[in-house]
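Position 1 is the first residue of the sequence, and the numbers go up from there. Just so you know, ligand 1 is whichever comes first in the structure, and atom 1 is the first atom listed for that ligand.
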Amino acid sequence: MKYTDTRDKSVSVNFRTAVLNGMNAQTGGLYIPKSFPKLDPDFLNKVPEASFRDVAFKMAKPYAEGEIPDSDLESIIQDCYPFTAQVIPVDSVSYILELFHGPTCAFKDFGARFMARTMSYFNRGENDNLHILVATSGDTGSAVGSAFHNVEGIDVTILYPDGKISPLQEKQLSTFDGNVRALKVNGTFDDCQKLVKTAFTDVDLRKKFRLSSANSINISRLLPQAFYYMYSSLVVRNRIPGDSKIENPAIIMTVPSGNFGNLTSVLIAREMGAPITGFIAATNSNHTIPDWIATGKYEARPSVATLSNAMDVGAPSNYERIAAMYSLDEVKNLFASYWTDDKGTLEGIKNCCEKTGYIIDPHGAVAWMAWNEIRNGGMEKLLKGEKNDYTKPGLTPNVPFWAESVVNKKAVNIILETAHPAKFGATVEKAINREPSMPDRLEKVLSLPDRAIPMEKDYDSFKEWLVSNL
Ligand SMILES: *Cc1c(COP(=O)(O)O)cnc(C)c1O
C-alpha cells in the first residue's frame with residue numbers, strides 16, 4: 001500500500017515511512033492510505049463471524065502488503081491482542097462495545113500496541129535503538145508506555161506534569177521498569193510538550209540519537225482501531241435475528257470523540273465493507289467538530305476541562321483526515337453530531353445504570369446521551385424541519401441519510417465504551433452513589449513502586465538527562 005498525505009496528494013510513501021515518520025515533516029500533513037480495499041464478501045458474510053484476531057489480520061494485510069510478510073504480520077497481531085473487544089447487549093436495540101479489556105483499561109491499547117510492534121518490526125536491522133519521547137496529560141502516556149514495554153529495539157521516555165494528573169493515572173505512568181521510564185516535570189502539560197518539541201528540533205541531540213514520537217496522528221494507531229468496528233458490526237449483524245428481529249436494520253455507531261482518531265477509524269472500517277450504516281459523533285463541551293458540521297466553519301479553540309477529560313480537545317488533529325476523505329456535505333449525510341456538558345454526562349451515567357443496570361464511564365456516557373436523544377424524538381424533530389440551536393447541548397441540525405430508519409425503529413446502535421468506569425470512579429460515584437469495582441490489573445498497578453524521575457522544566461536539564469541516560 002502506498003500512503004499519501006492530507007496536504008499534498010502527490011506524496012507517495014510506503015508503510016514503513018508513514019509509521020516511522022508519524023507525519024510528513026515537509027508538508028505538515030498526516031498520512032492516509034491511497035485506498036481502502038474492501039474485504040472479500042465471503043469473509044464478511046460468514047456466520048458465525050470470524051474471530052477478532054482473524055478480522056484484524058485480514059484488515060491489516062493490504063496496508064502492510066509487500067513490506068511485512070503474512071507470517072510476520074500474523075505474529076504481530078497475535079502479540080498485540082491477547083485480549084479482545086466485547087459486545088454487550090443492554091436493550092433490544094442497543095449494544096455496548098467494551099474496548100477496555102487491554103492492559104491499561106482504555107481503547108488506546110488497541111492502537112498503541114499495533115504501533116509499537118510495527119515500529120519495532122521496521123526498526124530491525126538498524127544498529128541503534130529508536131527513542132520515543134511522549135508528553136502526556138494522562139491516558140495516552142500509559143497506553144504508549146505499556147504498549148512499548150519490553151518491545152525490542154525501542155526505548156520510551158514519558159513526560160508528565162507533576163501533581164496535575166490523577167493518582168491512578170500517575171501510578172499507571174510511573175511504575176514501568178526496563179525500557180520505559182517516566183519523568184515527572186515540575187511544570188504544566190504545555191511545559192512537557194515544549195521540552196519534547198525542543199528536543200525534536202535540537203540538531204545536536206538528533207545527531208546523537210534516533211528520536212521518534214508516538215502520538216495519535218500516527219496511521220499505525222488508526223488502522224487497528226478499524227478492526228474492532230468491523231468485528232463488532234459483524235457480531236451485531238449476526239445477533240440481530242435473535243435480539244430485535246428487525247429485518248435489515250441500519251447499524252449506527254456512536255463514538256465519544258476528542259481528537260477524532262477513533263471516528264476516522266470507523267470511516268476506514270465502513271470503506272472496507274463493514275455493515276455500518278452511519279455514525280454519531282458525540283463530544284463534551286469541546287464541540288469544535290459539531291460546530292463545524294452545524295456552520296460549515298472549522299474553528300479550533302483552546303480546550304476546556306470536563307469530566308470526560310480524555311476528550312478535552314479543542315483542535316482535533318484528525319479533522320484534517322476527515323476533511324481529506326469527505327466533503328462537508330458527505331459528512332452531514334453520514335454523521336449525526338451531538339454534544340453535552342458535565343451535567344449531561346452525569347445524567348448519562350445515571351440514566352444508563354437505571355435503564356439497563358450497566359455502569360458506564362463518563363466518556364461512554366456522552367455517547368449514551370447522544371443515542372438516547374436520537375432515538376427518543378430528537379431525529380424526528382429534525383426530520384420535521386425543526387432547527388436545533390447548535391450552541392446549546394444537543395444534536396446539530398443536519399439530517400443524515402439514515403434518519404428515517406431511526407424514526408421507523410429500523411435501527412440498532414453500538415455505543416463505544418472507551419475506558420473502564422473504575423478509571424473514573426469518583427465521577428461515577430457522584431452520578432450513581434456507588435463506585436464501580438476495580439479490575440485486577442488496575443488494582444495491581446496501585447501497589448507497584450513509583451519509579452518516576454523528578455525533572456525541571458528547563459530544556460538544559462532535560463537535555464543533560466537525555467544525554468547521560470539514553
Ligand atoms: C482518547 C480517548 C477518547 C477520544 O478518542 P479520540 O480518538 O481522541 O477521539 C475517548 N475516550 C477515552 C477514554 C480516551 O482515552
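- In Ala310, the parts holding a heavy atom less than 4.0 Å from any atom of ligand 1 are both the side chain and the backbone.
- The protein atom (non-hydrogen) at minimum distance from atom 3 (C) of ligand 1 is Phe107 CE2, 3.6 Å.
- Remark: the Thr27 side chain and the Asp5 side chain contain an N/O donor-acceptor pair separated by less than 3.5 Å.
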Intermediate values then yes/no, ring pair (Phe, Tyr, Trp, His ring centres under 6.0 Å), Phe15 and Tyr63: CA-CA 7 Å; Phe15 191 40; Tyr63 300 107; 7.7 Å; no
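- Of the protein's heavy atoms, Lys108 NZ, 2.8 Å lies nearest to atom 14 (C) of ligand 1.
- Across Val366, Val313, Asn262, heavy-atom proximity to atom 7 (O) of ligand 1 is greatest for Asn262.
- When only modelled atom types and interatomic distance are considered, Ser303 and Asn286 share no side-chain donor-acceptor pair under 3.5 Å.
- The Phe260 neighbourhood of ligand 1 comprises atoms 6 (P), 8 (O), 9 (O), with distances under 4.0 Å to a heavy atom of that residue.
- With hydrogens left out, the protein atom closest to atom 11 (N) of ligand 1 is Thr418 OG1, 2.8 Å, a heavy atom.
- Ligand 1 has an N or O atom lying under 3.5 Å from an N or O atom of Asn259, backbone or side chain.
- Looking at ligand 1, you'll find an N or O of Gly258 within less than 3.5 Å of one of its N or O atoms.
- Near Ala419, the atoms of ligand 1 lying under 4.0 angstrom from a non-hydrogen atom of the residue are 13 (C).
- Annotation: side chain of Tyr338 is in contact with side chain of Met369 (closest heavy-atom distance under 4.5 Å).
- Side-chain atoms of Ser257 come within 3.5 Å of backbone N or O of Val255 as a donor-acceptor pair.
- Geometrically, Arg301 does not engage Trp292 in a cation-pi contact, judged by NZ or CZ lying under 6.0 Å from the ring centre and within 45° of the ring axis.
- Using the six-membered ring where Trp is involved, His287 and Trp339 have ring planes that are parallel, under 30° apart on the 30 and 60° scheme.
- Close approach to Ser257 involves these atoms of ligand 1, each under 4.0 Å from a residue heavy atom: 9 (O).
- When only interatomic distances are considered, the shortest N/O to N/O separation between Gly261 and ligand 1 falls below 3.5 Å.
- Looking at Thr288 and Val313, their side chains never come closer than 4.5 Å, going by heavy atoms from C-beta outward.
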